Amino acid sequence: MKPARESWTTKLAFILAAAGSAVGLGNIWRFPYVVGENGGAAFVIVFLIIVALIGLPLMVTEITLGRETKKNPIGAFKALAPNTPWWLVGAIGVLAGFVILSFYSVVAGWGISYFFQTVTGSLTEGTDFEAAFFDHVGQGFAPVAWHALFMALTGLIIGLGIVKGIGRAVRYLMPVLFILIIMLVIRGVTLEGASEGLQYYLQPDFTSITWQTWLDAAGQAFFTLSLGMGAIITYGSYLKKDDDVPGSASWIVGLDLLIALLAGLAIFPAVFALGFSEADGPGLAFITLPAVFAQMPFGMFFGAIFFLFFSVAALTSALSLLEVVVAWLVDEKEMSRPKASALVSFGIFLLGIPASLSMGAVDIQVMGMPFFDFLDYLQETFLLPIGGLLTLVFAGYVFTASKTRESANENSTSFKLGVWFEWLIKYITPAAVVIILLAGLFL
Ligand code: PFF
């Protein structure tokens, strides 16, 4: 007989797990470098607008669809619109989970490796950090081995299930994350010369906003909030009926924003104080920061804390990416959870190999870019925004906006969503996503 479907043991367990999904490399690795590439504080403001306009409504919608159906993304669409092709939206999500985790795990592996390199003192002052980074990611074997280790750990926890695996992991890991980031912020802002970085990060120059700023902000919002691929539908599906959807959604979005903003606050003052460039792109965390740490008092200690923070945050997000695919196999294909987890983890490990190798060891290109970049491009430009848009259209017009609002409001103890919410998910939020998608394709 099939075992009963699990549910979160407490309200806090769900919020921690979903915040664990949201807070990840998107906050620590991606957010600061995207801010750096887009001119600082003005980008942060555009990002906040996008989160309010797209992120929050979609967060509420995804949690609601999950709680309403108690199913994985494919099953959820099938349950609400049987015998229609809407289940394909769930399928985009399952595909996205597979694609994102394959390169996400490679980056997480770099983080673990940098943690050990920092602890053992091999990243000290005088190192050519740029060369060290490209040497590391360009090696054939080592990064693949770290990626394998990370996938094995993720697969193990997901194999244990919702309560014993995810619930237990996030209960310990999320408070640790919070303490680590606070330590890093205090270190950053108390460095001599920190004020220039603070100014860059907090004083907007609105003339620097372009279409590209909005585009980058939207891509960042989907990714950092884990939206558009059913990860939140899946986590919402383990909610009990008596949980509070609008309240939980606000907590999850709030915590994710807080950690992203704190990550910037930890990083920019340090980068400016020590005279590095803020616009270093994806290398910011691995090239600029180790150089910053090497020069600061107790840098080895803070460097180790940073990469520990990095790896832990990646792990709690990876759990949700894997869970989307595993929940589908468990719910729809009746596979046992440990078997599904082992199988999918191995598959993702395999897809991650060419992604890792394409960073320098072997020339693997798709559409003129390294395979690694191609996977990221795929999720950012297509999978998440299209998945998010179709989820909104489904909730607004097929399940209907009034039912979505009613279902979200059921048992809410914090606040109830007004009719404005229906307007938002029917017109405003989808229109914003369409504009951004079109701008991305044609500009
Ligand atoms: N939100 C995660 C981060 O910011 O790193 C990444 C992510 C997790 C994206 C889960 C999508 C997802 F479904």
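Only this structure's heavy atoms are used, side chains among them; waters, hydrogens and symmetry mates stay out. Keep in mind that this is a model prediction, so the values were computed, not measured. As the structure lists them, so they are numbered: ligands from 1, and atoms in each ligand from 1.
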- Counting N and O atoms only, with roles assigned by atom type, does the side chain of S248 sit under 3.5 Å from a partner on the main chain of D244, one being a donor and the other an acceptor? yes
- Item | Salt bridge K78-E332, side-chain N to carboxylate O under 4.0 Å | yes
Could you check ligand 1 for N or O atoms lying under 3.5 Å from protein N or O atoms and list the pairs with distances?
residue, atom, partner, partner atom, Å
ligand 1, 1 (N), S21, O, 3.1
ligand 1, 1 (N), A22, O, 3.0
ligand 1, 1 (N), F223, O, 2.8
ligand 1, 1 (N), T224, O, 3.1
ligand 1, 1 (N), S226, OG, 3.0
ligand 1, 4 (O), A22, O, 2.9
ligand 1, 4 (O), G26, N, 3.2
ligand 1, 4 (O), N27, OD1, 3.4
ligand 1, 5 (O), L25, N, 2.9
ligand 1, 5 (O), G26, N, 2.7
ligand 1, 5 (O), Y104, OH, 2.5

- Exactly one candidate in E323, K70, E6 meets side chain to side chain donor-acceptor pair (under 3.5 Å) with Y238; the answer is E323
- Message: For a quick test of reading the model, state the closest non-hydrogen atom pair linking D373 to M359 and the distance between them.
- Response: OD1-SD, 4.4 Å
- Message: Below 30° counts as parallel, above 60° as perpendicular, anything between as tilted: where do the rings of F268 and Y201 land?
- Response: tilted
- Query: Would you call the rings of F310 and F306 parallel, tilted or perpendicular, where under 30° means parallel and over 60° means perpendicular?
  - Reply: tilted
